[in-house]
Amino acid sequence: MEISKLKKEIDAEIAGLKTELDCNEFHQKYLGKGGAITLLLRDVGKLEADERARVAQELNVLKRDVEGSLFVLQKEFKEREINEKLLQDKLVDISIPDIGREVGFLHPITRVMREVTEAFATMGFIIEDGNEIVTEYENFTSLNVAPNHPARDMQDTFWLDNGGVLRTHTTALQNYLYKKYGPECRVIFPGRCYRNENIDASHDMAFFQVDGIMVGKDVSIANLIYFMKRVLSAVFKKDIKVRLRPGFFPFTEPSFELDASCMFCESGCNVCKKSGWIEFCGCGMIHPNVLEMGGINPNEYQGFAFGFGLTRLVMLKFGVDDVRVFNSGNIEALGAVK
(Lines give C-alpha, C1' and ligand atoms only; values in the text may rest on other atoms or scores of the structure.)
Protein backbone atom coordinates (compact mmCIF):
# COMPACT_ATOMS: atom_id res chain seq x y z
CA MET A 1 0.00 0.00 0.00
CA GLU A 2 1.85 3.09 -1.31
CA ILE A 3 0.61 5.74 1.11
CA SER A 4 3.61 7.99 0.48
CA LYS A 5 2.91 7.90 -3.27
CA LEU A 6 -0.75 8.76 -2.66
CA LYS A 7 0.30 11.66 -0.42
CA LYS A 8 2.52 13.12 -3.15
CA GLU A 9 -0.33 12.78 -5.63
CA ILE A 10 -2.72 14.55 -3.22
CA ASP A 11 -0.22 17.36 -2.48
CA ALA A 12 0.20 17.97 -6.20
CA GLU A 13 -3.56 18.13 -6.79
CA ILE A 14 -4.18 20.42 -3.81
CA ALA A 15 -1.63 22.86 -5.20
CA GLY A 16 -3.64 22.98 -8.41
CA LEU A 17 -7.06 23.68 -6.89
CA LYS A 18 -8.37 27.05 -8.04
CA THR A 19 -12.10 27.13 -7.29
CA GLU A 20 -14.66 25.80 -4.82
CA LEU A 21 -15.89 23.45 -7.56
CA ASP A 22 -12.35 22.03 -7.84
CA CYS A 23 -12.44 21.40 -4.06
CA ASN A 24 -15.73 19.53 -4.32
CA GLU A 25 -14.39 17.29 -7.09
CA PHE A 26 -11.19 16.72 -5.11
CA HIS A 27 -13.25 15.75 -2.03
CA GLN A 28 -15.20 13.17 -4.01
CA LYS A 29 -12.00 11.74 -5.53
CA TYR A 30 -10.17 11.23 -2.23
CA LEU A 31 -12.58 11.59 0.72
CA GLY A 32 -16.00 10.66 -0.67
CA LYS A 33 -17.62 7.23 -0.26
CA GLY A 34 -15.71 5.93 -3.27
CA GLY A 35 -12.64 8.08 -2.67
CA ALA A 36 -9.09 6.74 -2.66
CA ILE A 37 -8.46 7.29 1.08
CA THR A 38 -11.88 5.91 2.04
CA LEU A 39 -11.34 2.74 0.01
CA LEU A 40 -7.90 2.20 1.52
CA LEU A 41 -9.35 2.52 5.04
CA ARG A 42 -11.97 -0.09 4.17
CA ASP A 43 -9.25 -2.48 3.03
CA VAL A 44 -7.15 -2.16 6.20
CA GLY A 45 -8.84 -5.24 7.66
CA LYS A 46 -7.42 -7.34 4.81
CA LEU A 47 -3.81 -6.61 5.77
CA GLU A 48 -1.55 -8.80 7.83
CA ALA A 49 -1.83 -8.17 11.57
CA ASP A 50 1.63 -6.60 11.89
CA GLU A 51 0.80 -4.06 9.16
CA ARG A 52 -2.79 -3.25 10.09
CA ALA A 53 -2.23 -0.82 13.00
CA ARG A 54 0.59 1.08 11.27
CA VAL A 55 -1.30 1.54 8.01
CA ALA A 56 -4.51 2.54 9.82
CA GLN A 57 -2.65 5.21 11.78
CA GLU A 58 -0.94 6.60 8.66
CA LEU A 59 -4.23 6.73 6.74
CA ASN A 60 -6.08 8.41 9.61
CA VAL A 61 -3.36 11.06 9.88
CA LEU A 62 -3.40 11.57 6.09
CA LYS A 63 -7.20 11.88 6.09
CA ARG A 64 -7.15 14.53 8.85
CA ASP A 65 -4.39 16.49 7.10
CA VAL A 66 -6.22 16.46 3.77
CA GLU A 67 -9.52 17.48 5.41
CA GLY A 68 -7.74 20.36 7.15
CA SER A 69 -6.03 21.59 3.97
CA LEU A 70 -9.25 21.33 2.00
CA PHE A 71 -11.20 23.27 4.63
CA VAL A 72 -8.68 26.13 4.52
CA LEU A 73 -8.82 26.30 0.72
CA GLN A 74 -12.62 26.21 0.60
CA LYS A 75 -12.74 29.06 3.11
CA GLU A 76 -10.28 31.12 1.05
CA PHE A 77 -12.21 30.53 -2.18
CA LYS A 78 -15.52 31.40 -0.52
CA GLU A 79 -14.11 34.62 0.94
CA ARG A 80 -12.64 35.55 -2.44
CA GLU A 81 -15.98 34.97 -4.15
CA ILE A 82 -17.75 37.13 -1.56
CA ASN A 83 -15.16 39.90 -1.89
CA GLU A 84 -15.48 39.90 -5.67
CA LYS A 85 -19.25 40.32 -5.39
CA LEU A 86 -18.84 43.10 -2.84
CA LEU A 87 -16.42 44.96 -5.11
CA GLN A 88 -19.11 44.98 -7.79
CA ASP A 89 -21.76 46.29 -5.39
CA LYS A 90 -21.67 50.10 -5.42
CA LEU A 91 -23.65 50.28 -2.16
CA VAL A 92 -20.98 48.39 -0.18
CA ASP A 93 -17.85 50.04 1.21
CA ILE A 94 -15.35 47.25 1.89
CA SER A 95 -12.87 49.76 3.36
CA ILE A 96 -14.96 49.97 6.59
CA PRO A 97 -13.05 48.04 9.31
CA ASP A 98 -14.44 44.67 10.43
CA ILE A 99 -15.95 44.72 13.91
CA GLY A 100 -13.94 41.55 14.69
CA ARG A 101 -16.82 39.43 15.91
CA GLU A 102 -16.25 35.68 15.80
CA VAL A 103 -19.12 33.83 14.14
CA GLY A 104 -19.81 30.13 14.55
CA PHE A 105 -18.27 27.40 16.70
CA LEU A 106 -18.13 23.63 16.99
CA HIS A 107 -20.56 21.82 19.28
CA PRO A 108 -18.82 20.85 22.57
CA ILE A 109 -19.45 17.15 21.88
CA THR A 110 -17.85 17.45 18.45
CA ARG A 111 -14.79 19.15 19.94
CA VAL A 112 -14.21 16.46 22.55
CA MET A 113 -15.01 13.64 20.12
CA ARG A 114 -12.24 14.93 17.87
CA GLU A 115 -9.80 15.02 20.78
CA VAL A 116 -10.69 11.44 21.74
CA THR A 117 -10.50 10.02 18.22
CA GLU A 118 -7.22 11.80 17.52
CA ALA A 119 -5.69 10.39 20.72
CA PHE A 120 -6.73 6.84 19.79
CA ALA A 121 -5.67 7.25 16.16
CA THR A 122 -2.12 8.16 17.22
CA MET A 123 -2.02 4.81 19.05
CA GLY A 124 -2.98 2.81 15.97
CA PHE A 125 -6.73 2.53 16.48
CA ILE A 126 -9.05 2.56 13.48
CA ILE A 127 -11.99 4.96 13.79
CA GLU A 128 -15.28 3.34 12.73
CA ASP A 129 -18.88 4.46 12.42
CA GLY A 130 -22.06 2.39 12.39
CA ASN A 131 -25.82 2.39 11.94
CA GLU A 132 -28.00 3.90 14.63
CA ILE A 133 -30.80 1.46 13.73
CA VAL A 134 -29.61 -2.08 14.42
CA THR A 135 -31.04 -5.56 14.83
CA GLU A 136 -31.91 -7.19 18.12
CA TYR A 137 -29.08 -9.65 17.42
CA GLU A 138 -26.49 -6.87 17.07
CA ASN A 139 -27.69 -4.89 20.08
CA PHE A 140 -28.25 -7.80 22.48
CA THR A 141 -27.76 -11.43 21.38
CA SER A 142 -24.30 -11.04 19.83
CA LEU A 143 -23.17 -9.38 23.08
CA ASN A 144 -24.14 -12.35 25.23
CA VAL A 145 -27.21 -10.55 26.62
CA ALA A 146 -29.70 -13.20 27.74
CA PRO A 147 -33.29 -13.11 26.40
CA ASN A 148 -34.63 -12.22 29.85
CA HIS A 149 -32.01 -9.56 30.61
CA PRO A 150 -33.47 -6.26 31.95
CA ALA A 151 -31.67 -4.31 29.21
CA ARG A 152 -34.18 -5.69 26.69
CA ASP A 153 -37.10 -4.24 28.62
CA MET A 154 -39.39 -1.86 26.71
CA GLN A 155 -38.72 0.83 29.34
CA ASP A 156 -35.07 1.04 28.25
CA THR A 157 -35.16 0.34 24.52
CA PHE A 158 -36.85 2.00 21.56
CA TRP A 159 -38.23 -0.92 19.52
CA LEU A 160 -39.27 -0.40 15.90
CA ASP A 161 -42.21 -1.96 14.10
CA ASN A 162 -39.88 -4.09 11.97
CA GLY A 163 -38.26 -5.67 15.03
CA GLY A 164 -35.17 -3.48 14.93
CA VAL A 165 -34.05 -1.13 17.68
CA LEU A 166 -32.44 2.25 18.08
CA ARG A 167 -29.09 1.15 19.42
CA THR A 168 -28.86 1.50 23.19
CA HIS A 169 -25.05 1.47 23.10
CA THR A 170 -22.31 1.74 20.49
CA THR A 171 -21.28 -1.75 21.64
CA ALA A 172 -23.85 -2.94 19.08
CA LEU A 173 -21.15 -2.52 16.41
CA GLN A 174 -18.80 -5.09 17.97
CA ASN A 175 -20.04 -8.19 16.14
CA TYR A 176 -19.76 -6.48 12.76
CA LEU A 177 -16.22 -5.28 13.48
CA TYR A 178 -14.97 -8.71 14.54
CA LYS A 179 -16.18 -10.06 11.22
CA LYS A 180 -14.75 -7.13 9.28
CA TYR A 181 -11.25 -6.94 10.79
CA GLY A 182 -10.67 -10.48 12.00
CA PRO A 183 -8.82 -11.78 15.04
CA GLU A 184 -6.18 -9.04 15.38
CA CYS A 185 -7.52 -5.50 15.48
CA ARG A 186 -7.81 -2.29 17.50
CA VAL A 187 -10.85 -0.15 16.74
CA ILE A 188 -12.92 2.57 18.42
CA PHE A 189 -16.45 3.48 17.38
CA PRO A 190 -18.05 6.68 18.71
CA GLY A 191 -21.66 7.61 18.03
CA ARG A 192 -25.12 8.55 19.19
CA CYS A 193 -27.21 6.12 21.25
CA TYR A 194 -30.83 6.08 22.40
CA ARG A 195 -32.63 4.92 25.55
CA ASN A 196 -36.18 5.35 26.70
CA GLU A 197 -35.23 7.51 29.68
CA ASN A 198 -37.06 10.10 31.73
CA ILE A 199 -35.26 13.31 30.76
CA ASP A 200 -33.69 15.31 33.58
CA ALA A 201 -30.43 17.11 34.37
CA SER A 202 -28.40 13.88 34.19
CA HIS A 203 -30.41 11.75 31.72
CA ASP A 204 -31.45 12.22 28.10
CA MET A 205 -33.00 9.93 25.52
CA ALA A 206 -30.20 10.66 23.03
CA PHE A 207 -26.55 10.75 24.05
CA PHE A 208 -23.08 9.88 22.76
CA GLN A 209 -20.81 6.97 23.65
CA VAL A 210 -17.39 5.73 22.62
CA ASP A 211 -16.73 1.99 22.51
CA GLY A 212 -13.49 0.28 21.67
CA ILE A 213 -11.96 -3.16 21.23
CA MET A 214 -8.48 -4.60 20.90
CA VAL A 215 -8.01 -8.27 19.98
CA GLY A 216 -4.82 -10.30 19.64
CA LYS A 217 -2.92 -13.24 21.06
CA ASP A 218 -1.25 -11.35 23.90
CA VAL A 219 -3.75 -8.60 24.73
CA SER A 220 -4.27 -7.99 28.44
CA ILE A 221 -5.92 -5.63 30.91
CA ALA A 222 -2.55 -3.87 31.20
CA ASN A 223 -3.00 -2.70 27.60
CA LEU A 224 -6.46 -1.35 28.44
CA ILE A 225 -5.14 0.61 31.45
CA TYR A 226 -2.37 2.15 29.35
CA PHE A 227 -4.66 3.29 26.53
CA MET A 228 -7.32 4.75 28.81
CA LYS A 229 -4.74 6.67 30.82
CA ARG A 230 -3.23 8.10 27.62
CA VAL A 231 -6.59 9.21 26.23
CA LEU A 232 -7.85 10.79 29.46
CA SER A 233 -4.58 12.65 29.90
CA ALA A 234 -4.84 13.94 26.31
CA VAL A 235 -8.41 15.20 26.80
CA PHE A 236 -7.79 16.92 30.14
CA LYS A 237 -4.27 18.11 29.27
CA LYS A 238 -2.85 16.76 32.53
CA ASP A 239 -1.75 13.44 34.01
CA ILE A 240 -4.80 11.32 34.88
CA LYS A 241 -4.49 8.12 36.91
CA VAL A 242 -6.89 5.22 36.53
CA ARG A 243 -7.93 2.27 38.69
CA LEU A 244 -10.15 -0.81 38.25
CA ARG A 245 -12.97 -2.13 40.42
CA PRO A 246 -14.91 -5.38 39.90
CA GLY A 247 -18.03 -5.02 37.77
CA PHE A 248 -20.40 -7.01 35.59
CA PHE A 249 -21.26 -6.79 31.89
CA PRO A 250 -22.64 -9.70 29.83
CA PHE A 251 -20.09 -9.19 27.04
CA THR A 252 -16.91 -9.17 29.18
CA GLU A 253 -15.36 -11.64 31.63
CA PRO A 254 -13.83 -10.58 33.91
CA SER A 255 -15.58 -7.20 33.98
CA PHE A 256 -14.44 -3.96 35.60
CA GLU A 257 -15.49 -0.41 36.35
CA LEU A 258 -12.65 1.96 35.48
CA ASP A 259 -12.27 5.09 37.61
CA ALA A 260 -10.26 8.19 36.73
CA SER A 261 -8.52 10.38 39.26
CA CYS A 262 -10.49 13.57 39.81
CA MET A 263 -9.56 16.25 37.27
CA PHE A 264 -10.55 19.09 39.59
CA CYS A 265 -8.95 18.39 42.96
CA GLU A 266 -6.10 16.70 44.78
CA SER A 267 -7.82 15.30 47.86
CA GLY A 268 -11.56 15.52 47.29
CA CYS A 269 -14.28 17.88 46.01
CA ASN A 270 -18.00 17.91 45.26
CA VAL A 271 -17.46 16.52 41.74
CA CYS A 272 -15.78 13.34 43.01
CA LYS A 273 -17.88 13.29 46.20
CA LYS A 274 -14.74 13.78 48.31
CA SER A 275 -13.27 10.46 47.09
CA GLY A 276 -10.64 11.74 44.65
CA TRP A 277 -11.99 9.35 41.96
CA ILE A 278 -14.68 9.60 39.27
CA GLU A 279 -16.39 6.57 37.73
CA PHE A 280 -15.53 6.69 34.04
CA CYS A 281 -16.35 3.55 32.06
CA GLY A 282 -17.20 -0.12 31.98
CA CYS A 283 -14.64 -2.50 30.55
CA GLY A 284 -13.14 -5.97 30.71
CA MET A 285 -11.79 -8.89 28.74
CA ILE A 286 -14.11 -9.80 25.87
CA HIS A 287 -16.33 -12.77 26.73
CA PRO A 288 -15.40 -15.93 24.76
CA ASN A 289 -19.01 -16.25 23.57
CA VAL A 290 -18.84 -12.77 22.03
CA LEU A 291 -15.59 -13.55 20.21
CA GLU A 292 -16.99 -16.84 18.93
CA MET A 293 -20.16 -15.17 17.59
CA GLY A 294 -17.86 -12.70 15.82
CA GLY A 295 -16.02 -15.54 14.08
CA ILE A 296 -12.89 -15.42 16.29
CA ASN A 297 -11.52 -18.49 18.03
CA PRO A 298 -11.45 -17.65 21.78
CA ASN A 299 -8.96 -20.46 22.39
CA GLU A 300 -6.36 -18.63 20.27
CA TYR A 301 -7.24 -14.96 20.71
CA GLN A 302 -8.35 -12.66 23.48
CA GLY A 303 -9.02 -8.98 23.83
CA PHE A 304 -10.47 -6.16 25.86
CA ALA A 305 -13.51 -3.97 25.30
CA PHE A 306 -14.55 -0.69 26.88
CA GLY A 307 -17.36 1.81 26.61
CA PHE A 308 -17.74 5.26 28.10
CA GLY A 309 -20.23 8.09 27.88
CA LEU A 310 -18.81 10.78 25.63
CA THR A 311 -21.56 13.16 26.69
CA ARG A 312 -20.61 12.65 30.34
CA LEU A 313 -16.94 13.20 29.49
CA VAL A 314 -17.87 16.54 27.90
CA MET A 315 -19.84 17.47 31.03
CA LEU A 316 -16.78 16.71 33.16
CA LYS A 317 -14.35 18.57 30.91
CA PHE A 318 -16.38 21.78 30.77
CA GLY A 319 -18.12 21.62 34.14
CA VAL A 320 -21.64 21.34 32.68
CA ASP A 321 -24.22 20.21 35.25
CA ASP A 322 -27.25 19.75 32.96
CA VAL A 323 -27.05 17.27 30.07
CA ARG A 324 -30.13 18.81 28.42
CA VAL A 325 -28.08 21.77 27.17
CA PHE A 326 -26.38 19.61 24.51
CA ASN A 327 -29.59 18.77 22.65
CA SER A 328 -31.28 22.08 23.38
CA GLY A 329 -30.25 23.96 20.25
CA ASN A 330 -29.61 26.94 22.52
CA ILE A 331 -26.74 28.64 20.70
CA GLU A 332 -26.02 31.04 23.54
CA ALA A 333 -25.83 28.24 26.13
CA LEU A 334 -23.70 26.00 23.88
CA GLY A 335 -21.36 28.87 23.05
CA ALA A 336 -20.78 29.41 26.76
CA VAL A 337 -19.44 25.83 27.14
CA LYS A 338 -15.69 26.48 27.11
Side-chain angles (χ1 to χ4, degrees), residues 41 44-45 49 52-54 56-57 59-60 109 112-132 134 138-139 142-144 167-193 207-216 218-236 240 242 244 247 249-260 279-287 290-291 293-294 296 301-314 316:
L41 281 168
V44 166
R52 196 176 299 149
R54 179 187 62 80
Q57 180 179 351
L59 285 174
N60 277 314
I109 290 177
V112 177
M113 182 183 290
R114 290 186 177 184
E115 290 180 353
V116 169
T117 54
E118 183 174 353
F120 275 110
T122 60
M123 295 185 289
F125 280 77
I126 299 169
I127 316 301
E128 272 282 0
D129 191 14
N131 297 326
E132 294 182 7
V134 297
E138 292 171 315
N139 201 71
S142 70
L143 298 172
N144 205 39
R167 65 184 183 191
T168 61
H169 47 189
T170 43
T171 320
L173 195 58
Q174 272 197 36
N175 185 261
Y176 163 77
L177 293 175
Y178 295 137
K179 293 173 180 176
K180 178 178 180 179
Y181 291 108
E184 297 203 16
C185 61
R186 57 176 78 178
V187 192
I188 68 162
F189 27 109
R192 194 192 305 268
C193 305
F207 54 94
F208 284 83
Q209 281 189 340
V210 177
D211 265 73
I213 54 173
M214 180 175 179
V215 180
D218 300 309
V219 176
S220 70
I221 287 295
N223 300 121
L224 168 67
I225 293 172
Y226 170 78
F227 289 128
M228 299 312 297
K229 178 178 170 60
R230 282 278 304 271
V231 170
L232 284 167
S233 298
V235 169
F236 288 99
I240 301 292
V242 298
L244 296 178
F249 304 99
F251 35 86
T252 52
E253 180 58 39
S255 299
F256 304 98
E257 299 281 359
L258 184 141
D259 297 335
E279 183 179 318
F280 179 63
C281 77
C283 57
M285 298 300 289
I286 303 167
H287 197 291
V290 175
L291 289 174
M293 283 186 278
I296 296 175
Y301 297 94
Q302 61 188 24
F304 65 74
F306 63 85
F308 61 85
L310 181 66
T311 303
R312 184 164 183 267
L313 180 61
V314 178
L316 285 172

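- In terms of modelled atom types and a separation under 3.5 Å, the side chain of D259 and the main chain of L244 share no donor-acceptor contact.
- Annotation for G303 and V219: closest pair CA-CG1, 3.9 Å, computed over non-hydrogen atoms.
- A donor-acceptor pair under 3.5 Å is absent between the side-chain atoms of S233 and the main chain of R230, judged by distance alone.
- Remark: T117 pairs with no residue by the side chain to side chain donor-acceptor pair (under 3.5 Å) rule, at least two apart or across chains.
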Take F249 and T171 through the test side chain to side chain contact (heavy atoms under 4.5 Å, CB included) and record every step on the way to the result. CA-CA 11 Å; F249 304 99; T171 320; over 6 Å; no
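- In this structure, T311 has no side chain to side chain donor-acceptor pair (under 3.5 Å) partners at least two apart in sequence or on a different chain.
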Could you pull out all donor-acceptor pairs under 3.5 Å where a side-chain atom in residues 122-131 meets a protein atom, sequence neighbours excluded?
unit_1	atom_1	unit_2	atom_2	d
T122	OG1	A119	O	2.7
E128	OE2	K180	NZ	2.6
E128	OE2	Y181	OH	2.5

What do the steps show when you test L224 against Y226 for side chain to side chain contact (heavy atoms under 4.5 Å, CB included), and what is the final call? CA-CA 5 Å; L224 168 67; Y226 170 78; over 6 Å; no
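- When all heavy atoms of V210 and P190 are compared, the closest pair comes out as CG2-CB, 3.8 Å.
- M285 meets the side-chain contact (heavy atoms from CB on, under 4.5 Å) test with I221, P254, Q302, F304; sequence neighbours excluded.
- Checked against salt bridge (Lys or Arg N to Asp or Glu O under 4.0 Å), E132 has no partners two or more places apart in sequence or in another chain.
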Please walk me through it: do F308 and M228 pass side chain to side chain contact (heavy atoms under 4.5 Å, CB included)? CA-CA 10 Å; F308 61 85; M228 299 312 297; 4.0 Å; yes
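- Residues forming a side chain to side chain donor-acceptor pair (under 3.5 Å) with S142 (at least two apart in sequence, or on another chain): none.
- Applying the side-chain contact (heavy atoms from CB on, under 4.5 Å) criterion to R114, with sequence neighbours excluded, gives L106, T110.
- With rounding to the nearest 0.5 Å, the separation of CG in N139 from CG in L173 is 11.0 Å.
- Here Y301 pairs with nothing under the ring pair (Phe, Tyr, Trp, His ring centres under 6.0 Å) rule; sequence neighbours left out.
- Judged as a side-chain contact (heavy atoms from CB on, under 4.5 Å), and not counting sequence neighbours, the contacts of E253 are H287.
- Applying the side chain to side chain donor-acceptor pair (under 3.5 Å) criterion to R192, with sequence neighbours excluded, gives no partner residue.
- Listed by first and then second residue, the salt bridge (Lys or Arg N to Asp or Glu O under 4.0 Å) pairs involving residues 301-314 amount to none (not counting sequence neighbours).
- Here the shortest heavy-atom pairing between D218 and N223 reads O-OD1, 3.9 Å.
- Within the model, atoms CD of Q174 and CE of M293 stand 10.0 Å from one another, a figure rounded to the nearest 0.5 Å.
- A 4.5 Å side-chain heavy-atom check between L177 and F189 finds at least one atom pair inside the cut-off.
- Looking only at side-chain heavy atoms (C-beta outward), I286 and Y178 come within less than 4.5 Å of each other.
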Please determine whether side chain to side chain contact (heavy atoms under 4.5 Å, CB included) holds for the pair V231 and F120, giving the CA-CA distance in whole Å, both sets of side-chain angles, and the decisive distance to 0.1 Å. CA-CA 7 Å; V231 170; F120 275 110; 3.5 Å; yes
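- Separation of atoms CG (L310) and SG (C281) is listed at 12.5 Å; rounding is to 0.5 Å.
- The side-chain contact (heavy atoms from CB on, under 4.5 Å) check on Q209 picks up H169, T170, C193, R195, F207, D211, with sequence neighbours excluded.
- When every heavy atom of A172 is checked against every heavy atom of R167, the shortest pair comes out as CB-CB, 4.3 Å.
- The shortest side-chain heavy-atom distance between I213 and R186 does not fall under the 4.5 Å cut-off.
- K229 has its side chain out of reach of I240: every pair of non-hydrogen atoms, C-beta onward, lies at least 4.5 Å apart.
- Panel note: side chain N60, backbone Q57; no donor-acceptor pair is recorded below 3.5 Å.
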